[in-house]
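A quick note: this is a predicted structure, and the numbers were derived from the prediction, not measured.
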Amino acid sequence: MEEKALSIKSWSPEDRPREKLILKGRSSLSDAELIAILLGTGTPTVGVLDLAKRILAQADNNLHKLASLTVKDLVKIKGIGEAKAISIVAALELGRRRKNIEDDNKPKIGSSSDAFELMKGELLDIQHEEFWIILVNRANRVLRKQMISLGGVSGTVADPKIIFKLALDELATGIILAHNHPSGNLEASVADLHLTQKLKEGARLLDIQILDHLIIAGQRYFSFADQGML
């Protein structure tokens with residue numbers, strides 16, 4: 001005979017997902033706890049949190065994969081009826097629509113000059129080198145811009161592992177590289193060329209595109225893309 005699941009009501013208040021959200025805020029909840037709130041209840045033999053974990057496991061604990069599941073996919077999971085499946089699909093659809101609205105409000109990079117306008121405020125008139133990246137989605141909307149490293153007057157080192165980790169975390173499809181030359185020299189150095197090629201080769205394996213590399217010196221810039229160097 002199957003053992004009856006422990007009721008969520010028997011948990012301490014701070015461990016119940018709904019009470020935890022109220023007491024500690026939504027960011028304190030795990031993915032499973034948030035899904036448990038959507039489910040509302042478990043089954044006579046499976047607690048609601050375990051049921052939520054079962055759903056996540058079906059999607060390899062990946063929310064993007066979970067969002068691709070349909071009602072028909074979800075009801076195949078033991079303990080998930082149509083009503084619970086619909087609640088999950090509806091919640092994830094709201095999240096997707098919110099993201100689309102946010103994306104529409106983000107700047108779009110259509111040329112090297114657009115990238116320069118976005119980056120010049122960060123790299124203008126500083127007396128040391130900094131290396132930045134701009135991450136974009138498939139529509140070339142900016143997902144994030146991030147400084148990768150800073151150095152001295154003559155150079156800085158950019159770690160490809162950091163760059164690609166940030167790109168994967170943001171699900172970026174394109175990367176624009178940017179760094180400044182405090183000397184005012186716009187010519188790409190051997191190190192600049194080597195790094196660009198290294199990143200281009202690594203990005204190809206991850207299905208990400210290096211869209212441009214800007215060298216910024218004051219109000220002027222050099223674009224690898226414009227010069228056909230990518």
Side-chain angles (χ1 to χ4, degrees), residues 2-106 133-139 141-146 148 159 161-175 203 205-208:
E2 274 191 290
E3 190 175 327
K4 189 173 181 180
L6 185 66
S7 170
I8 201 168
K9 292 179 181 178
S10 66
W11 300 5
S12 62
E14 63 270 18
D15 288 333
R16 298 176 199 160
R18 290 178 183 175
E19 284 82 351
K20 187 176 178 181
L21 187 149
I22 293 169
L23 292 170
K24 298 182 180 180
R26 59 192 177 187
S27 62
S28 69
L29 273 67
S30 67
D31 292 344
E33 288 171 326
L34 290 169
I35 292 171
I37 291 175
L38 291 174
L39 295 174
T41 60
T43 71
T45 57
V46 180
V48 66
L49 192 57
D50 287 334
L51 190 56
K53 289 176 181 177
R54 184 181 289 178
I55 293 168
L56 278 172
Q58 186 70 23
D60 299 327
N61 292 303
N62 185 315
L63 291 179
H64 294 289
K65 187 171 180 180
L66 178 60
S68 70
L69 299 182
T70 65
V71 171
K72 287 184 178 179
D73 294 326
L74 290 168
V75 296
K76 292 176 184 177
I77 301 170
K78 188 176 180 181
I80 300 299
E82 189 175 73
K84 284 180 167 59
I86 288 171
S87 293
I88 293 169
V89 169
L92 291 168
E93 175 62 15
L94 281 173
R96 185 190 67 79
R97 292 184 186 185
R98 180 192 174 198
K99 186 178 184 301
N100 285 343
I101 292 170
E102 289 175 345
D103 286 349
D104 289 342
N105 292 328
K106 291 174 179 175
I133 59 171
I134 303 170
L135 301 175
V136 300
N137 63 14
R138 202 168 297 280
R141 295 279 183 185
V142 175
L143 298 170
R144 179 176 179 179
K145 66 176 181 177
Q146 177 72 45
I148 299 301
D159 188 338
K161 294 189 293 296
I162 295 174
I163 292 172
F164 291 135
K165 181 182 185 305
L166 288 168
L168 291 171
D169 286 347
E170 295 290 338
L171 297 179
T173 59
I175 305 173
L205 296 174
L206 299 171
D207 198 24
I208 299 172

Lys161 meets the side-chain hydrogen bond (donor to acceptor under 3.5 Å, both in side chains) criterion, sequence neighbours left out, with Asp159
Residues Leu51 and Thr41: closest non-hydrogen pair is CD2-O, 4.2 Å
For Leu29 and Pro17, the nearest pair of non-hydrogen atoms, with its separation, is CD2-O, 3.6 Å
Between Ile133 and Leu135 the two heavy atoms that sit nearest each other are CD1-CD2, 3.7 Å
When rounded to the nearest 0.5 Å, the distance separating NZ of Lys72 from CD of Glu82 is 10.5 Å
Taken to the nearest 0.5 Å, the spacing of Leu168 CG from Leu206 CG works out to 5.5 Å
In short, Ala172 meets Ile208 closest at the heavy-atom pair O-CG1, 3.7 Å
For residues 37-59, the salt bridge (charged side-chain N to carboxylate O under 4.0 Å, His left out) pairs (sequence neighbours left out) are none
Value for CD1 (Ile35) from CD1 (Ile55), rounded to nearest 0.5 Å, stands at 6.0 Å
query = Is the number of heavy atoms from other residues, nucleotides or ligands within 6.0 Å of CD (Glu93) greater than 12?
reply = yes
Take Thr43 and Lys78 through the side-chain hydrogen bond (donor to acceptor under 3.5 Å, both in side chains) test and state the conclusion after the steps.
CA-CA 10 Å; Thr43 71; Lys78 188 176 180 181; over 6 Å; no
Residues pairing under salt bridge (charged side-chain N to carboxylate O under 4.0 Å, His left out) where one sits in residues 55-65, two or more places apart or in two chains, turn out to be Asp60-Lys65
* Give the C-alpha distance, both sets of side-chain angles, the deciding distance and a yes or no for side-chain contact (heavy atoms from CB on, under 4.5 Å) between Arg144 and Leu166. => CA-CA 9 Å; Arg144 179 176 179 179; Leu166 288 168; 3.5 Å; yes
Heavy-atom closest pair (Leu34 atom, Arg26 atom, distance to 0.1 Å) is CD2-O, 4.5 Å
Ala167 and Ile175 have their tightest heavy-atom pair at CB-CD1, 3.9 Å
Between the CG atom in Asn62 and the OG atom in Ser68, the distance rounded to the nearest 0.5 Å is 8.5 Å
